[in-house]
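This structure is a prediction, so every number in the text was calculated from the model and none was measured.
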Amino acid sequence: MTDSSTRVLDARLLFSIIAAGIMSFSGVVVETAMNVTFPTLMHEFNIGTSLVQWITTGYLLVLALIIPTSAYLKRRFSTRSLFTAAISSFLAGTLLAAWSPYFNVLLIGRLLQGIGTGIALPMMFNIILEQVPGERLGFMIGIASLITAMAPAVGPSLGGMIVSYFGWRMIFVSLLPFLLLSAILGIKNIRQAGKLEQTSFNFGLYLLLIIGFSSLIFATSIASDFGWFSIEVLALFAICFAALTAFYKQSLSSNAPLLRVEIFRYLPYTLSTASLLLVGFICLGLGFLIPNYAQLVSHTDAFTAGCLLLPGCIIGAMLAPISGRLLDKFGAKRPILLGNASILVSVICYSLYPYELSSFFFIIFYLFFAFGQGFSMGTIMTNGLSQLPEELNADGNAAMNTLLQLAGAVGTAVISTIVATAQAAEPTNIAHATMLGSRHGFFVLTVSAVLIRYCQYFCANFFRHPSRSLVI
């Protein structure tokens, strides 16, 4: 048991963070690696874009449904028990996906991986928030962001290389040694940092959350078949709104809330969360567009398509701990606004470039995005969580990570729907249709980047006034 007044950054704490980080890293690696395999999977399983994207969207939806329970799980079960459950689920999903003879089996394996990552991702940040000394908090959150930020750098190029030379199943096989290392480090070193509570699980609230999130994802996924303003899509959006509104209101009055939604009364936290979600939306949108554009429009091989993201992701990952240092020393305003500006420049370049995008321009434009992502994501998260009282940190962390995964799922679903709609309108010329659909997708991402800037314009007014709150 650690005490907040005697926090020490020792070897056991570092190994605990690394153990949870390896699992989170593996989850993001396989997520981005599989994006590169979509054309291969479409051919092998004889499926279309709207179905194959569920390899990513379904995984992210499971994350969005598991992460909200992390605050309850943290209070109810020991950290080591949760870690054991997470690594077991991830290993089972990895083995199932590696063996899968059918698309449905592959999808089930990905969902099991989502359960493991959904437990591990908030666990890593909770360990840092509870056990790292305050003066090292920004730096260690930067390191944690580096662990997960390196995954997009490794994922696409690793996926492309493995698909080109060994087949997509080896993506899952290659994870096994790292998962075993994570299991050894975690089971041996993870320690408890808080008292456990015998609290009950509110299944009614969780059902509302499942209905709300699932309706949102299904609505964005079927829009390519039915249209964005069809009765089916609008009905799903209405169900989503009603379910999440009921979840919020009932959580405020519940004695055993799944998530203490009072966190959204703190305006700097709410604005920071909105900005983080938009960055996640853009990140997963670009992660889908770029490899598929390169393969279907420019006719590059899977390995080359995956490597287009590599230089930018490496730079972004290297900047993550640096941004944490800047946060500790100078505050959040400068690195966040600088990162936002760089993201905006990147997506504007993608959307305004008048001709077919070459590999060179994909790399250059993505460098700007990765620079902005590296400076902003960890800093936005740290700044947002710092606006909350310490007793709400676990809930704030769970909400941020939940909504971030949901934003990624929506980003993948929305952008893939836009591309699939264009492909359906011009089935005889997939390359040209993919190019047109991608341009529409880049425009949507540009609007999202403008909204980030808008959120941070208002959030900047609260950087020096962390006590301000907004009661909803």
Between [Y] and [X], is there a side-chain donor-acceptor contact under 3.5 Å, judged purely by atom types and distance?
{"X": "Thr117", "Y": "Tyr59", "value": "yes"}
{"X": "Ser81", "Y": "Ser78", "value": "yes"}
{"X": "Thr94", "Y": "Gln113", "value": "yes"}

Hey, does the side chain of [X] reach the backbone of [Y] with a donor-acceptor pair shorter than 3.5 angstrom?
{"X": "Ser24", "Y": "Ala20", "value": "yes"}
{"X": "Thr69", "Y": "Ile66", "value": "yes"}
{"X": "Glu44", "Y": "Thr40", "value": "no"}
{"X": "Arg169", "Y": "Ser100", "value": "yes"}
{"X": "Ser89", "Y": "Ala85", "value": "no"}
{"X": "Thr273", "Y": "Met400", "value": "no"}

More than 12 heavy atoms from other groups under 6.0 Å of CZ on Phe15: no
For Phe237, does the CZ atom have more than 12 heavy-atom neighbours from other residues, nucleotides or ligands under 6.0 Å away? yes
Are the aromatic ring centres of [X] and [Y] under 6.0 angstrom apart?
{"X": "Tyr366", "Y": "Phe369", "value": "yes"}
{"X": "Phe218", "Y": "Trp54", "value": "yes"}
{"X": "Phe201", "Y": "Phe203", "value": "yes"}

Minimum heavy-atom distance Ala243-Ile211, with the two atoms named: CB-CG2, 3.9 Å
Any idea which heavy atoms bring Gly186 and Phe83 closest together, and the distance? CA-CE2, 3.5 Å
Mind checking the CG-CD1 spacing from Leu367 to Ile363? Nearest 0.5 Å is all I need. 7.5 Å
Fit a plane to each ring of Phe442 and Phe362, take the angle between them on a 0 to 90° scale, and name the class: parallel (under 30°), tilted (30 to 60°) or perpendicular (over 60°). tilted
Could you go through Ser26 and Leu179, starting from their C-alpha distance and side-chain angles, then the distance that decides it, and tell me whether this counts as side-chain contact (heavy atoms from CB on, under 4.5 Å)? CA-CA 8 Å; Ser26 299; Leu179 295 176; 3.8 Å; yes
